[in-house]
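Structure first, commentary second.
Being a predicted model, the structure only gives us computed values, none of them experimental.
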Amino acid sequence: MRGLIFLLCLFLSISVQAKTESQTIEQVFRLSPVIYDVKGMGNWKTAKHSGQIRLVITRSDKQDEMFLQWVQWNEKGPELIKSTVAIKEIQQAGRFKVMFIRRESTNGQRKIILGLENLHDKLSTRAIIHVDGIGRYRCVLE
């Protein structure tokens, strides 16, 4: 009797798990282990296409690297990455670790504020990133 109850519980567990299993879990399993954080940063739109902008942060023992991606959507959801750019100004200024991420909009202009810690001297700085268009941005360090 115990064996039958065990098999019944196992069957129910497997069927519930199959129904709740994510359709995109394989994509998550394929993510690189260096990806530390991904944040949605707003939407973009042209005459023909639209999608979402996302900030991707990778982390190593030497420093964080930051990238912006423009993900194109269709009626079913995300379909392709239209553009990826490295935020080179941050890497050129020093070795940093991201401490916080904030999105802001002023007069319709999107801004991404990154709080950075310099891994060399532990001083803090901010990076202000303005998104200008697909594959285009400006970055100012304060």
Side-chain angles (χ1 to χ4, degrees), residues 3-142:
L4 182 60
I5 292 172
F6 174 76
L7 288 174
L8 182 59
C9 289
L10 182 63
F11 174 76
L12 289 173
S13 172
I14 291 171
S15 72
V16 168
Q17 185 178 7
K19 289 180 183 176
T20 60
E21 190 74 26
S22 170
Q23 295 177 7
T24 58
I25 195 164
E26 287 300 318
Q27 299 293 323
V28 174
F29 278 125
R30 287 188 225 143
L31 285 174
S32 170
V34 300
I35 294 177
Y36 176 72
D37 205 348
V38 178
K39 295 281 187 208
M41 305 313 294
N43 298 319
W44 62 270
K45 187 172 183 149
T46 65
K48 294 184 179 182
H49 302 288
S50 64
Q52 180 188 30
I53 303 164
R54 66 184 177 194
L55 174 72
V56 179
I57 301 170
T58 62
R59 179 159 284 177
S60 71
D61 62 337
K62 297 184 181 188
Q63 70 182 31
D64 289 357
E65 291 186 86
M66 281 77 29
F67 304 87
L68 289 173
Q69 288 189 316
W70 284 258
V71 180
Q72 183 173 304
W73 284 50
N74 63 23
E75 61 279 346
K76 295 179 184 176
E79 68 175 328
L80 67 95
I81 296 172
K82 188 83 168 162
S83 179
T84 299
V85 296
I87 304 173
K88 296 177 186 174
E89 295 85 349
I90 296 172
Q91 276 70 32
Q92 291 169 350
R95 293 178 45 227
F96 293 101
K97 178 173 146 182
V98 176
M99 303 307 289
F100 70 83
I101 303 165
R102 192 171 68 233
R103 297 178 287 192
E104 291 184 6
S105 184
T106 307
N107 299 327
Q109 277 285 337
R110 287 185 298 252
K111 292 191 277 191
I112 303 161
I113 315 278
L114 300 178
L116 305 172
E117 177 185 286
N118 188 313
L119 294 174
H120 175 68
D121 58 15
K122 302 299 182 194
L123 293 176
S124 296
T125 190
R126 290 180 348 146
I128 301 171
I129 303 161
H130 299 268
V131 176
D132 294 328
I134 297 173
R136 296 188 340 260
Y137 73 95
R138 292 172 284 126
C139 179
V140 177
L141 296 174
E142 297 183 335

Under a 4.5 Å cut-off applied to non-hydrogen side-chain atoms, are [X] and [Y] in contact?
X	Y	value
Leu80	Val71	no
Ile57	Val38	no
Val56	Met66	no
Ile53	Ile134	no
Asp64	Thr58	no

Once you round to the nearest 0.5 Å, how far does [atom1] of [X] lie from [atom2] of [Y]?
X	Y	atom1	atom2	value
Gln52	Gln69	CD	CD	10.0 Å
Leu68	Thr84	CG	OG1	9.0 Å
Ser83	Arg136	OG	CZ	10.0 Å
Leu114	Ile128	CG	CD1	9.5 Å
Arg102	Met41	CZ	CE	10.5 Å
Ser105	Lys111	OG	NZ	8.5 Å

Keeping to residues at least two apart or across chains, list the side-chain hydrogen bond (donor to acceptor under 3.5 Å, both in side chains) pairs with something in [range].
range	result
residues 116-130	Arg126-Glu142
residues 88-101	Glu89-Tyr137
residues 28-44	Tyr36-Arg59

Set of residues satisfying salt bridge (charged side-chain N to carboxylate O under 4.0 Å, His left out) with respect to [X], sequence neighbours excluded:
X	answer
Lys82	none
Asp132	Arg138
Arg103	none

With a sphere of 6.0 Å drawn around CZ of Phe100, does it hold more than 12 non-hydrogen atoms of other residues, nucleotides or ligands? yes
How far apart are the C-alpha atoms of Leu116 and Ile90, what are their side-chain angles, what is the distance that settles it, and do they pass the side-chain contact (heavy atoms from CB on, under 4.5 Å) test? CA-CA 9 Å; Leu116 305 172; Ile90 296 172; 4.0 Å; yes
Whether the side chain of Thr24 engages the backbone of Gln27 through a donor-acceptor N/O pair (distance < 3.5 Å, no angle test) should be reported. no
Return the minimal non-hydrogen interatomic distance between Cys139 and Ile87, and the atom names on each side. SG-CG2, 4.0 Å
